[in-house]
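By convention in this document, chain letters (A, B, ...) are assigned in the order of the sequence lines, proteins followed by strands, and residues within each chain are numbered from 1.
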Amino acid sequence: MAARFNPLEADAHWQKVWEDRGVFHASDSSAKPRSYVLEMFPYPSGRIHMGHVRNYTMGDVLARYRRMTGFEVLHPMGWDAFGMPAENAAIQNKVHPGRWTWSNIDTMRAQLKRLGFALDWSRELATCDPSYYGHEQALFLDLFDAGLVYRKQSEVNWDPVDMTVLANEQVIDGRGWRSGALVERRKLSQWFLKITDFADELLDGLGELDQWPDKVRLMQENWIGKSRGLRFRFRLEAPLPPPLPGGEGPGVGIAEGDAAAAAEGSLRSPPTPAPSLPGRGIDSFDVFTTRPDTIFGASFAAIAPDHPIALALAEHDAGLAEFVAECRKGGTTAAELETAEKKGFDTGLKVHHPLDAAWKLPLFVANFVLMDYGTGAIFGCPAHDQRDLEFARRYGLPVTRVVAASPEEAAEPIGDEAYTGPGRLVNSGDLDGLTAEEGNRAVIARAEAEGWGEGTVVWRLRDWGVSRQRYWGTPIPIVHCEACGPVPVPRDRLPVVLPDDVSFDQPGNPLDRHPTWTKVDCPSCGGPGRRETDTLDTFVDSSWYFIRFASQPKDRPFDRAEAERWLPVGQYIGGVEHAILHLLYARFWTRALRRIGRLDIEEPFKGLFTQGMVTHETYRGADGQWLAPDEVEQKDGGWIAIATGEPVGVGRPQAMSKSKRNGIDPEPIVDQYGADAVRWFMLSDSPPERDLAWNEDGIEGAWRFIQRVWRLASEEGGHQGSSWLGGEDDKALRRKLHQTIAAVGSNIEALAFNKAVANIYELANAIEKAAPSAARGEAVETLVRLVAPMAPHLAEQAWAALAKEGLVAEADWPKADPALLVEDEVTIAVQVNGKLRDTLTAPKGAPKEALEEMALASEKVGRILEGKAPRKVIVVPDRLVNVVA
RNA sequence: GCCCCCGUGGCGGAACUGGUAGACGCGCUCGACUCAAAAUCGAGUUCCCAAAAGGAGUGCCGGUUCGAUUCCGGCCGGGGGCACCA
């Protein structure tokens, strides 16, 4: 028997055994209950990092535990393989994005395998493979046929030097990241998915997701952003003249999609910008408010700089045109908005107050009104809205209080702070005396009765723009035909495969300038057509991969019955950075498939867990340059740079990143300590939802524990059948064992891995202290099963050393004996006035009177009472006695 | 600005529905084994007082309670999300 556990031999050996025996294949025909455990699939960036190791270790523990507790487990792995980094690599290293991606996948697959994850590799997929994205194209067309896809003009970030579209993260301080040129906004015709059609269900559905973190549900709720209020019409004192011949000028065009949106009704955002009959000029416009109760406090109306009325007016008004141009220039960073002044341009026009036609309000164009929220127009109530107040003060507009917390306050003027608290209406005609809530209802009822407005709901959520002007993504399966417009590619001609012969020596999307790929006959009329060269947002790829994992027929995206047997994912684990977009899009996609009758699943992820990051200290030399952890060492209590010997500044642990050079490559660590020690460290100490600070001491500690378990098991194995088994029964150890079984199980189910690890440490400590006995033998064997989900290679090796049948990966999880979970003696705390003074031991369930008597007999209690009788004695059975002196 | 979360030893962190604060790990100290070191094992480790007895103690101030890390109110500090959202 080897003295030490040798992970290099054991890891490779057991990984091969698992693979040869197909232990982790998920059977579609199993009679066992099913469990689908999934971690967010990785982007093949090059190499596995510690964040991956932590994420996949957590999922692996759960998957292995579920298998041992009798489930048929689906635990798959794949690659989120489309995206910009591949194109950047293509530009920088002159390597094709596909070759770069596939080679990364090979590297990372091998790295993952070395960690011994219990994955069903037979279901591996990569989103950049036509066998995946072809099915995605089919699903896209299904949504297209169902009317859930549309096309409209939308703004993009345009780099005028590189002649290319930039993603938001490529715009740094308003300039292109590569060219440094000032980024412009350009309108392009782009594809959108109607996620706003699902806003209500996506919001309501959050209520059912009780196994999601509250934080994530809240973030999604805020993102969807439902606001109830009143949408009403302001009539202009005099209608605007009809548009000039030649129609809408540059930038005034109404988006293609807006007409469709308007036709569907007014309860969706974005709503119709301005209701005006063509050729008759604009005589009114709509505003939205969540505070209809404050309508008598109105002192102005304001529209967004991009509002059709503002644009129309600007054509004849150079001053306004200049103001509009200035508003467009303004930055949108948090700091700029914080300090940005509320500025407006008085159009000179007046609107009629809806409740009093004689009351006229000035109409401003204001920089703080946004075209893409609500109707792009507001009424200003300075007394009860801080922004409106600042605006009114600046332009000398009246400020009338219409809500007062108390009758005395009604006459008090508004100072520098708008009043947004509760109260009753004042200065509001026949609404006076109503609460704000009653006022809201009354005004909405009146608007609806008189026909000038209606109660409505406005959403913050926008439709999902899925067009990307990029090569390395799923081609959108559409052909543009001059005669027929956009025409779907027929299903039997899918997949539309990306051409391989592209070059990145010119800026822009290489698909646009591909000589042959773009040329295709119109599927509808046979005339000349041009392929859509936009590709799909990579979030589309990750919106259904969990379905494809569950079922992957060759000829269609998935088999409904097969997928429904596995779905929803029981436990989904990943980073909190995906709390909004990925998770919302996947929820939407699943619901969209349900609406079109493809899959009857409401929510894709029943349980969600967001794990913390892996962090490391940062090091900075005297010259301010970042230093990597292997470039520094500790000396005489301080840190120095190995190369120069100069002192180094140490920064607090931060997320591992290339820019700060504080990353630790997992592979050399696995080489040195083996997979189990790395896995064990990932699970120890830090609660999984919090950040984990990587450090050398931690991995050393994990290594020591792996060796301790090995020692226990190999010694026990060596003595089996000998006199060791003939010792006295060890009731205390047996009890500890069964308490540990229960605790570890419930802690793994709760994903509280750090607590499960602590439970196991306690058991190992108890075993080491125990004398040989049958109970000790049972404890060691059970310990091996308890560590199996976390340190699987060690567990297999130990299982073999104990001469047990089969694989521990396929063994049953131990069962806790309920009779052994309760103690028969308990320690009772004895307090005087709530302060601990003594403890005593009593049989479990001892009557209150007995405990009180024992406590009062305590010498320490007697000394404090000094012979006086206690005022009161509180007894909590099996817990404590508190003597109140 | 709005919303949310978190503050416990030198460090990571435990503590069930209010009931012995500091489990477990790391680090450190002392000891055993060793010529020595590594590895391993044993003891100790919240702070104050030389020790004992005792006292203080879960960011700060106050409240409820026989009893508060836990509940309530107000501050301070850290982190996150959204953001000129009407």
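Here B/G19 is the nucleotide among B/G19, B/C26, B/G13 with the atom lying nearest to any side-chain atom of A/Q831. Of all nucleotides listed (B/U20, B/A39, B/G27), B/G27 comes nearest to the side chain of A/D697. For A/V884, taking side-chain heavy atoms from C-beta onward, the closest of the listed nucleotides B/A53, B/A39, B/C66 is B/C66. Of the candidate nucleotides B/G81, B/U20, B/A86, B/U20 has the atom nearest to the side chain of A/T839. Side-chain atoms of A/D685 lie closest to B/G12 of the nucleotides B/G19, B/A86, B/G12. Listed nucleotides: B/G7, B/C84, B/C3. Nearest to the side chain of A/R690: B/G7. The side chain of A/W223 has B/A83 as its nearest neighbour among B/A83, B/C84, B/G13. Closest approach to the A/P687 side chain among B/A86, B/A14, B/C82 is made by B/A14 (side chain taken as heavy atoms from C-beta onward). Comparing B/C84, B/C3, B/G13 by their nearest atom to the side chain of A/L218 picks out B/C3.
Taking a pair to require two hydrogen-bonding distances under 3.5 Å in either a Watson-Crick or a G-U wobble arrangement, B/C2 pairs with B/G81. In this structure, B/A15 forms no base pair with any nucleotide, since neither Watson-Crick nor G-U wobble geometry is met with both distances under 3.5 Å. Look at B/U65: it lacks any Watson-Crick or wobble partner with both distances under 3.5 angstrom. Searching all strands for a Watson-Crick or G-U wobble partner of B/G42 with both distances below 3.5 Å returns B/C30. In a base pair of the Watson-Crick type (N1 to N3 plus N6-O4 or O6-N4) or a G-U wobble (N1-O2 and O6-N3), with each distance short of 3.5 Å, B/G7 is matched with B/C76.
For B/G62, the glycosidic angle deviates from 0 by more than 90°, giving an anti base.
The line from CD1 of A/I669 to CH2 of A/W703 is 13.0 Å long, rounded to the nearest 0.5 Å. The OG1 atom of A/T615 lies 12.0 Å from the NZ atom of A/K660; values are rounded to the nearest 0.5 Å.
Nearest-nucleotide mapping onto RNA chain B: of A/R863 and A/R711, the residue sitting toward the 5' end is A/R711. Residue-to-nucleotide proximity on RNA chain B shows that, of A/S227 and A/N759, the 5′-proximal contact is made by A/N759.
A side chain to side chain donor-acceptor pair (under 3.5 Å) with A/N759 is found for one member of A/T740, A/N754, A/N747 and no other, namely A/N747.
Between A/N747 and B/A14 there is no side-chain N or O to OP1 or OP2 distance below 4.0 Å. For B/G25, the OP1/OP2 oxygens have no side-chain nitrogen or oxygen of A/R704 closer than 4.0 Å.
In terms of heavy-atom proximity, A/P789 sits nearest to A/R679 at O-NH2, 3.0 Å. For the residue pair A/T420 and A/R291, the shortest heavy atom distance occurs at O-NH1, 4.5 Å.
Protein atom CG of A/D691 is 11 Å distant from nucleotide atom C1' of B/G80, rounded to whole Å.
For A/R879 and B/C16, a side-chain-to-base donor-acceptor distance below 3.5 Å is present, hydrogens and geometry of angles not being considered. If you check distances only, the side chain of A/K755 never reaches the base of B/C24 with a donor-acceptor pair under 3.5 Å.
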